[in-house]
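Predicted model only: the values in this text are computed from it and were never measured.
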Amino acid sequence: MRISIYTLGCKVNQYETQAMETMLQARGHTLTAFGSPADACIINTCTVTAVSGKKSRQAIRRAKREYPDAIVAVCGCFAQTDPKAVAALEVDLFSGTGGRAAFLDQLEDLFRQRRGQPLGLVDNARERRVFELLPAGGLEGRTRALLKVEDGCVNFCAYCIIPYARGPVRSLPLDQAEAEARRLAQEGYRELVLTGIEISSWGRDLKTGETLIGLVEAVCRAAPSLRVRLGSLEPRTITEDFCRRAAALSNLCPHFHLSLQSGCDATLKRMNRKYGTARYLESVDLLRRFYDRPAVTTDLITGFPGETEEEFLQTLAFLRRCEFSSMHIFPYSRRAGTPAAQMPGQVARGVREDRARRAAEVAGDLERRYLESWVGETLPVLFEEEKDGLWRGHAPNYVEVRGPSAEPLHNVLKEALITGAGDGTLFCSFS
């Protein structure tokens, strides 16, 4: 078959799409760009917010329009949490967030037999207990590989549907993570991102006594030629022991994404987050004690139910205190099936969006200050692609760096002199 895949959502979804690409190619199929002629189209969906669910439905409808004679197959979080909505869109095959090999088996079977009835393969995610091992890596030519080391979450934040979509915590065993890291290094990747739904919970189900930092140490030592980057962390992961051990790993990137969501303790309590602003700030201060200007990035939700103007002002003040290098800011999105959707004090959409705009202004000032601190210094940059006459890549702190080069720099790690900053980017020259 010629197969096109369209992916929505987070790095875990991207990883699982790359795994399906690898599995499909191993089975002899050909991958095509979305919109190009294809015998089958796979939509890997997201449902983290109401907006994500809407985008997933739109992508499915678009696939059915653009591929009227092809098999349209749907998987991912939206299909897991709302299979009836997916079935109502009259797709040929749908599955949830597990059983990827079986999903592809059924896709091949449909192509051979052309059954007329929609086929659903959605299980009960809450009953899963085993980590689904999928091939890491992706298509040729990529510089950065994703490795999913954990799936599931049991935090049950008030606004989040993901524990219902992904089930309980399951971890990739440490020896398998080491083996995958070594294999990816041998295949020519230069950077590895450890990702998962909640990687801070890695190892909880294995009951070996190992925690995330033990996994990170093992992966870094198994593949010393790879830069290793961490996905989003629960703030309480950052302890003095974690920082001491992490700072000793020369190939671990000093970029730490600590999910915040609010800088107000009362709002955090309503969100059912497991920390307060004092504990969060402790994590930020620890990182800055062990690293020189680490990139500390975060997520923020504005207009959560019950958030007052005073509470929002507390959040803005806390953002300035943390001095984040970059932020992802979202107006609260009411997601059916979550406790927050039923909470009193729902904030008007215009207020939510205005607060997101005001927070973005603070974030922009903080980012500008962080970027300008690097001007005049030299950073090792892993270059990925050329665009508009400039080669683009990322420094260890995950800041994008652009510079001109007469030589091709794809997948090249090169020292770059930082000459300027602007629009969320550093600019460089080479000696």
*Among Gln14, Glu16, Glu180, whose side chain to side chain donor-acceptor pair (under 3.5 Å) with Lys148 holds?*
Glu16

*Which word best sums up how the rings of His328 and His257 line up, parallel for under 30°, tilted for 30 to 60°, or perpendicular for over 60°?*
tilted

_Expected output: side-chain Tyr164 to main-chain Phe156 donor-acceptor under 3.5 Å_ = no

_Parallel, tilted or perpendicular: rings of Tyr280 and Phe318 (30°, 60°)_ = perpendicular

_Using a 6.0 Å cut-off, check whether atom CZ of Arg279 has over 12 heavy atoms from anything other than its own residue._
yes

*asked:* How about NZ on Lys54, more than 12 heavy atoms from neighbouring residues, nucleotides or ligands closer than 6.0 Å, or not?
replied: no

*CA sep, side-chain torsions, deciding dist, call: Phe256, Tyr291, ring-ring contact (aromatic ring centres under 6.0 Å, His included)*: CA-CA 11 Å; Phe256 302 94; Tyr291 288 93; 5.3 Å; yes

*Evaluate the side-chain proximity of Glu217 to Cys220: yes if any heavy-atom separation is below 4.5 Å, no if none is.*
no

*What pair of heavy atoms forms the shortest contact from Leu268 to Ser262, and how long is it?*
CD2-O, 3.4 Å

*Ignoring hydrogens and angles, state whether a donor on the side chain of Thr7 or Asn13 is under 3.5 Å from an acceptor on the partner side chain.*
no

_Interatomic distance, Asp92 atom CG to Leu107 atom CG [nearest 0.5 angstrom]_ = 9.0 Å

*If only atom types and distance count, is the side chain of Arg227 paired as donor or acceptor with the main-chain N or O of Leu192 below 3.5 Å?*
no

*Is the side chain of Gln314 donor-acceptor paired with the backbone N or O of Cys264 at a distance under 3.5 Å, no angle test?*
no

*Spacing of CG belonging to Leu371 relative to CD belonging to Glu400, to within rounding of 0.5 Å*: 10.5 Å

*Does the pair Val216 and Leu230 meet the rule for a side-chain contact (heavy atoms from CB on, under 4.5 Å), with working shown?*
CA-CA 9 Å; Val216 174; Leu230 301 180; 3.6 Å; yes

_For a quick test of reading the model, state the closest non-hydrogen atom pair linking Ser4 to Gly35 and the distance between them._
OG-N, 4.2 Å

_Show the nearest heavy-atom pair for residues Leu194 and Ile199, with the distance to one decimal._
O-CD1, 3.8 Å

*Decide, yes or no, whether a salt bridge links Arg170 with Asp205 under the criterion of side-chain N to carboxylate O below 4.0 Å.*
no

*Does a salt bridge link Arg27 with Asp105, judged by any charged N lying under 4.0 Å from a carboxylate O?*
yes

*Kindly give the heavy-atom pair with the smallest separation between Ser325 and Thr297, and that separation in Å.*
OG-CG2, 3.4 Å

*Stepwise side-chain contact (heavy atoms from CB on, under 4.5 Å) check, Leu212 with Glu150*: CA-CA 10 Å; Leu212 177 64; Glu150 184 274 344; over 6 Å; no

*Are the charged groups of Asp365 and Arg369 less than 4.0 angstrom apart, N to O?*
no

*Is the closest basic N to carboxylate O distance between Arg270 and Glu311 below 4.0 Å?*
yes

_Within this structure, what is the CD1-OG distance for the pair Ile301 and Ser259, rounded to the nearest 0.5 Å?_
7.5 Å

*Start with the C-alpha gap between Leu426 and Arg402, add the side-chain angles, then the distance that decides, and say whether side-chain contact (heavy atoms from CB on, under 4.5 Å) holds.*
CA-CA 6 Å; Leu426 293 175; Arg402 305 180 192 178; over 6 Å; no

*Between Glu198 and Arg166, is there a side-chain N and carboxylate O pair less than 4.0 Å apart?*
no

*Does Glu108 reach the main-chain N or O of Phe103 with its side chain, forming a donor-acceptor pair under 3.5 Å?*
no

*State plainly whether the residues Arg321 and Glu323 are in salt-bridge range, i.e. N to O under 4.0 Å.*
no

*With the threshold set at 4.0 Å, does a side-chain nitrogen-carboxylate oxygen contact exist between Glu234 and Arg236?*
yes

*Assess whether salt bridge (Lys or Arg N to Asp or Glu O under 4.0 Å) is satisfied between Glu240 and Arg289, documenting all intermediate values.*
CA-CA 10 Å; Glu240 185 161 349; Arg289 194 202 315 168; 3.5 Å; yes

_Donor-acceptor side-chain pairing of Ser56 and Thr45 below 3.5 angstrom_ = no

*Distance-only, no hydrogens or angles: does the Asn251 side chain make a donor-acceptor pair with backbone N or O of Leu226 under 3.5 Å?*
yes

*Decide whether Asp265 and Thr277 meet the rule of one side-chain donor and one side-chain acceptor closer than 3.5 Å.*
yes

*Passes side-chain contact (heavy atoms from CB on, under 4.5 Å), Gln176 versus Leu133? Steps please.*
CA-CA 9 Å; Gln176 295 183 21; Leu133 184 62; 3.4 Å; yes

*Salt-bridge test for Lys64 and Glu90: reply yes if a basic N is under 4.0 Å from a carboxylate O, no otherwise.*
no

*Can you tell me how far SG of Cys157 sits from CE of Met271, rounded to the nearest 0.5 angstrom?*
9.0 Å

_Among Leu93, Ile42, Asp109, which residue satisfies the side-chain contact (heavy atoms from CB on, under 4.5 Å) criterion with Leu104?_
Ile42

*Applying side chain to side chain donor-acceptor pair (under 3.5 Å) between Ser200 and each of Thr211, Asn155, Thr237, report the one that passes.*
Thr237

*Cation over ring face, Lys55 and Phe78, 6.0 Å, 45°*: no

*Distance only, no hydrogens: is a donor on one side chain within 3.5 Å (strictly under) of an acceptor on the other, for Arg273 and Thr267?*
no

*So which heavy atom on Ala136 is nearest to which on Leu146, and how close?*
CB-O, 3.5 Å

_Salt bridge present between Arg357 and Glu353 (N-O < 4.0 angstrom)_ = no

*salt bridge (Lys or Arg N to Asp or Glu O under 4.0 Å) assessment of Arg358 paired with Asp354*: CA-CA 6 Å; Arg358 291 158 64 191; Asp354 179 66; 3.6 Å; yes

*For the pair Tyr370 and Trp374, name the ring-plane relationship: parallel under 30°, tilted 30 to 60°, perpendicular over 60°.*
perpendicular

_Arg2 backbone acceptor or donor facing Asp39 side chain under 3.5 Å_ = yes

*Check for a donor-acceptor pair, side chain of Glu132 on one end and backbone N or O of Gly99 on the other, with a separation under 3.5 Å.*
yes

*In terms of ring plane angle, is the pair Tyr332 and Phe304 parallel, tilted or perpendicular, where the classes change at 30° and 60°?*
perpendicular

*Of all heavy-atom pairs between Leu319 and Ala359, which one has the smallest distance, and what is that distance?*
CD1-CB, 4.4 Å

*Look at the side chain of Arg190 and the backbone N and O of Phe383, then say whether any donor-acceptor pair between them is shorter than 3.5 Å.*
no

*Donor-acceptor pair, Trp202 side chain versus Leu172 backbone, under 3.5 Å?*
yes

*Is the closest basic N to carboxylate O distance between Glu384 and Arg144 below 4.0 Å?*
yes

*Give, for atom SG of Cys243 and atom CZ of Arg288, the distance between the pair rounded to the nearest 0.5 Å.*
12.0 Å

*Atom SG of Cys160 and atom CZ of Arg335: how far apart are they, to the nearest 0.5 Å?*
9.5 Å

